[in-house]
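For the numbers below, each heavy atom of this structure counts, side chains included, while hydrogens, waters and symmetry mates do not. Values in this document were obtained by computation on a predicted structure and should not be read as measured data.
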Amino acid sequence: MVEKTHTAAGEDAGWWPSLYGPLKNVGTRIADFFAPDSEAAATEDFYEINIELPGVPVENVDVSVTDNVLTVSGTKSSEREEKGKTYFFSERRYGTFHRSFRLPPDVTDADITATCKDGVLQLRVPKRGAPKETTRKIPITGF
């Protein structure tokens with residue numbers, strides 16, 4: 001027996017979660033499919049993010065930072081002629097892509113550099129030095 005429940009909107013929700021469950025993360029899975037492969041590493045002085053973008057012209061890539069989130073987006077276009085060809089399979093991906101990375105609090109986002117070589121976009125995010133610990137004496141006044 002399925003127990004029926006009602007949502008705040010008054011809808012019957014007894015069957016909905018079981019139907020909705022498999023579809024819940026479809027948007028994320030589709031976005032992950034189109035997101036380029038990447039890797040991140042750290043040195044003492046900077047963080048390095050490498051993103052594979054084979055076949056993507058640099059002018060089709062945008063790199064930006066907003067609220068401490070580094071975002072790489074762009075478009076990979078298909079420019080192939082179809083005349084006389086019968087494709088048996090194609091594993092190449094085309095279309096827009098988007099990849100975001102939350103930056104750690106110890107970075108200097110004003111000095112981020114981006115270079116592209118052999119289809120790999122390399123982002124270097126400099127670290128700020130360790131914050132200097134300062135102590136300031138707070139005077140206590142009488143009431």
Would you sort out whether Leu70 and Ile112 count as a side-chain contact (heavy atoms from CB on, under 4.5 Å), showing the intermediate values?
-> CA-CA 10 Å; Leu70 177 67; Ile112 295 173; 4.3 Å; yes
In terms of hydrophobic clusters joined by side-chain contacts under 4.5 Å, are Phe46 and Phe101 together?
-> no
Mind checking what makes side chain to side chain contact (heavy atoms under 4.5 Å, CB included) contact with Val120, not counting sequence neighbours?
-> Asn50
Take Arg99 and Ser38 through the side-chain contact (heavy atoms from CB on, under 4.5 Å) test and state the conclusion after the steps.
-> CA-CA 9 Å; Arg99 191 73 193 253; Ser38 63; 3.2 Å; yes
Arg128 side chain to Thr108 backbone, donor-acceptor under 3.5 Å = no
Listed partners of Ala114 passing side chain to side chain contact (heavy atoms under 4.5 Å, CB included), at least two apart | Leu121, Leu123
Kindly indicate whether the side chain of Val61, heavy atoms from C-beta on, has any atom under 4.5 Å from the side chain of Val72.
-> yes
Pairs where residues 115-126 contributes a residue and the test salt bridge (Lys or Arg N to Asp or Glu O under 4.0 Å) is met, not counting sequence neighbours | Glu48-Arg124
Should Ile138 and Arg136 be marked as a side-chain contact (heavy atoms from CB on, under 4.5 Å) after you check the CA-CA gap, both sets of side-chain angles, and the distance that decides it?
-> CA-CA 6 Å; Ile138 309 294; Arg136 185 172 65 93; 3.5 Å; yes
Identify whether NZ of Lys or CZ of Arg in Lys76 sits under 6.0 Å from the centre of the six-membered ring of Phe97 and within 45° of that ring's axis.
-> no
Here the side-chain hydrogen bond (donor to acceptor under 3.5 Å, both in side chains) pairs for residues 59-73, sequence neighbours left out, are Thr71-Ser100
Under the side-chain hydrogen bond (donor to acceptor under 3.5 Å, both in side chains) rule, collect the residues that match up with Thr113, sequence neighbours excluded.
-> none
Looking only at heavy atoms, the pair that brings Lys127 and Thr43 closest together is NZ-O, 2.8 Å
